[in-house]
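One structure, pasted below without further comment.
Sequence lines set the chain letters: A, B, ... in the order given, protein chains first and strands last, and positions in each chain run from 1.
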Amino acid sequence: MRNAQEEEPPDPQLVRLDNMLLAEGVAGPEKGGGAAAAVSAATSSGGMSPDSSLEHSDYKSKLSQIRNIYHTELEKYEQACSEFTTHVMNLLREQSRTRPVSPREIERMVAIIHRKFSSIQTQLKQSTCEAVMILRSRFLDARRKRRNFSKQATEVLNEYFYSHLSNPYPSEEAKEELAKQCSITMSQVSNWFGNKRIRYKKNIGKFQEEANLYAMKTALGATQSEESPHTPNSTG
DNA sequence: CGCCATGATTCGCC
DNA sequence: GGCGAATCATGGCG
């Protein structure tokens, strides 16, 4: 305890950890709001599939589990820190009967103790962050759970894309309609069109066959304007 | 298993 | 906030 005397600025690593725990709703003020905010932040761009509410609540319960552990541990450390501090103060008080103890020395001791305990807290924060990251990658990274859309959904999307090939940018209303028809979210519709536009542009030749197919389909749909029960086309 | 298709995410731009 | 581009990670087929 004699060394480590120099004043260190706030550890950027620690600040980073604090920010992250706050963002994840682990270190936030209260339970419900924090976790919900973290989830909504994590799903801001990619909509979650509608059937993921079960996994979603699973995620929330696991996150609050992590949160509880974090808080009890943190509280334990803080309590231990203050207990140890008063203990050392008592020792110093005893020593002051036999030798001079300057206020500066007391100050220094307290600072050293706090530094030690805060380094322990940093470890706690680090492992908590790690746990949250693992949880997130398991539950919220939709890339790990990608499922191809149904053939019918892809058909609906392709029909729109190729019949609006000159301007394949569906409006909000159109996206909503497509999402409803395909039983997917609007974010997924946006993702699909984003991917489709860039991939179509990159290699128009590869999509020529597909383009012709859907051009023909819409042409047929326009002339027939009705579909018989057994034809596989679904121009609606 | 290797390869490509595909849905989702990230980053930079406006 | 939406978009293009690059990238990630999985699905699916041979």
Counting just side-chain N and O atoms, does A:Asn191 come under 4.0 Å of either OP1 or OP2 of B:dA8?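 For B:dA8, OP1/OP2 do have a side-chain N/O of A:Asn191 under 4.0 Å.
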For A:Tyr70 and A:Leu124, work out which heavy atoms get closest and say how close.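 Closest approach of A:Tyr70 to A:Leu124: O-CD2, 3.8 Å.
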For A:Arg197, which contact category applies under a 4.0 Å heavy-atom criterion: base, sugar-phosphate, or nothing?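 Sugar-phosphate contact only - A:Arg197 comes under 4.0 Å of backbone atoms but never of a base.
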Considering non-hydrogen atoms only, spot the tightest contact between A:Arg199 and A:Phe207 and give its length.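 Closest pair (atom of A:Arg199, atom of A:Phe207, distance): O-CE1, 3.1 Å.
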Within the structure shown, what part of the strands sits under 4.0 Å from A:Asn195 by heavy-atom distance: base, sugar-phosphate, or nothing?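 Answer is base: heavy atoms of A:Asn195 come under 4.0 Å of a base.
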Enumerate the residues from residues 208-216 of chain A whose closest heavy atom to DNA chain C is under 4.0 Å, giving them by residue number; use none for an empty result.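 Correct list: empty, so none.
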Using a strict 4.0 Å threshold on nitrogen-to-oxygen distance, state whether A:Lys196 and A:Glu210 make a salt bridge.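 Salt bridge flag = yes for A:Glu210 with A:Lys196.
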The side chain of A:Arg146 lies closest to which of these nucleotides: C:dG11, C:dA5, B:dA8?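 Selected nucleotide (nearest to the side chain): C:dG11.
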Which nucleotide sits closest to the side chain of A:Lys201: C:dG4, B:dT9, B:dG7?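 My answer, after comparing the listed nucleotides, is C:dG4.
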Minimum heavy-atom separation for A:Gln181 to A:Gln152, with atom names?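 Nearest heavy atoms, A:Gln181 then A:Gln152: O-NE2, 3.9 Å.
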Could you tell me how far apart A:Asn148 (CG) and C:dG12 (P) are, to the nearest whole angstrom?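 Atom CG in A:Asn148 sits about 5 Å away from atom P in C:dG12.
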Euclidean distance, atom CD1 of residue A:Ile198 to atom C1' of B:dG7 [Å, nearest integer]: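 Roughly 15 Å, once rounded to whole Å.
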Charged N-O contact under 4.0 Å between A:Glu73 and A:Lys76: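 Result for this pair is yes, salt bridge flagged.
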Calculate, to the nearest 0.5 Å, the distance between atoms CD and CG belonging to A:Glu159 and A:Leu178 respectively.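 Here the rounded value is 10.0 Å.
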Quick one: OG1 on A:Thr218 to NE2 on A:His164, what's the gap to the nearest 0.5 Å?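 Output value for this atom pair is 10.0 Å.
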Rounding to a whole Å, what distance do you find between A:Phe193:CZ and C:dC3:P?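 Between P of C:dC3 and CZ of A:Phe193: 10 Å.
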Using atom names, set out every protein N or O paired with an N or O of nucleotides 2-4 of chain B below 3.5 Å, distance rounded to 0.1 Å.
none

Between A:Lys202 (NZ) and C:dG4 (P), how many Å, whole number?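 So the NZ-P distance, A:Lys202 to C:dG4, works out to 13 Å.
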Over all atoms of both residues, closest heavy-atom pair of A:Asn195 and A:Ile198: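 Of all heavy-atom pairs spanning A:Asn195 and A:Ile198, the closest is O-CG2, 3.1 Å.
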May I ask you to verify whether the side chain of A:Arg199 and the base of B:dG7 hold a donor-acceptor pair under 3.5 Å?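 Answer yes: a donor N or O sits under 3.5 Å from an acceptor.
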By the definition side-chain hydrogen bond (donor to acceptor under 3.5 Å, both in side chains), identify the one residue from A:His87, A:Arg93, A:Glu94 that meets it with A:Asn90.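 Of the listed residues A:His87, A:Arg93, A:Glu94, the side-chain hydrogen bond (donor to acceptor under 3.5 Å, both in side chains) partner of A:Asn90 is A:Arg93.
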Between A:Ser102 (side chain) and A:Glu105 (backbone), is there a donor-acceptor pair under 3.5 Å?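 Yes, because the side chain of A:Ser102 sits within donor-acceptor range (under 3.5 Å) of the backbone of A:Glu105.
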Grab the CE-P distance between A:Met186 and C:dC3 for me, whole Å please.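 Checked: the CE to P distance equals 10 Å.
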Please list, in numerical order, the residues of residues 167-177 of chain A that have a heavy atom closer than 4.0 Å to any atom of DNA chain C.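 Going residue by residue through residues 167-177 of chain A, the ones with a heavy atom under 4.0 Å of DNA chain C turn out to be A:Tyr169, A:Lys175.
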Is the distance from OP1 or OP2 of B:dG7 to the nearest side-chain N or O of A:Gln188 less than 4.0 Å?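 Answer is no, no contact under 4.0 Å.
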Measure from NZ on A:Lys151 to C1' on C:dG11 and round the result to the nearest Å.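 Roughly 15 Å, once rounded to whole Å.
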How close do A:Lys175 and A:Ser190 get, heavy atom to heavy atom, and via which atoms?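 Residues A:Lys175 and A:Ser190, closest heavy atoms: NZ-OG, 3.1 Å.
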So, OP1 or OP2 of C:dG11: does either fall under 4.0 Å of a side-chain N or O from A:Arg147?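 Yes, A:Arg147 has a side-chain N/O under 4.0 Å of OP1/OP2 on C:dG11.
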Just how far, in rounded Å, is C1' of C:dT10 from CZ of A:Phe149?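 Going from CZ in A:Phe149 over to C1' in C:dT10 covers 13 Å.
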Atom-pair distance (OH on A:Tyr200; P on B:dT6), nearest Å: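 The answer, rounded to whole Å, is 15 Å.
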Which atom names give the shortest non-hydrogen contact between A:His114 and A:Thr85, and what distance separates them?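 Distance-wise, the nearest heavy atoms are NE2-OG1, 3.9 Å.
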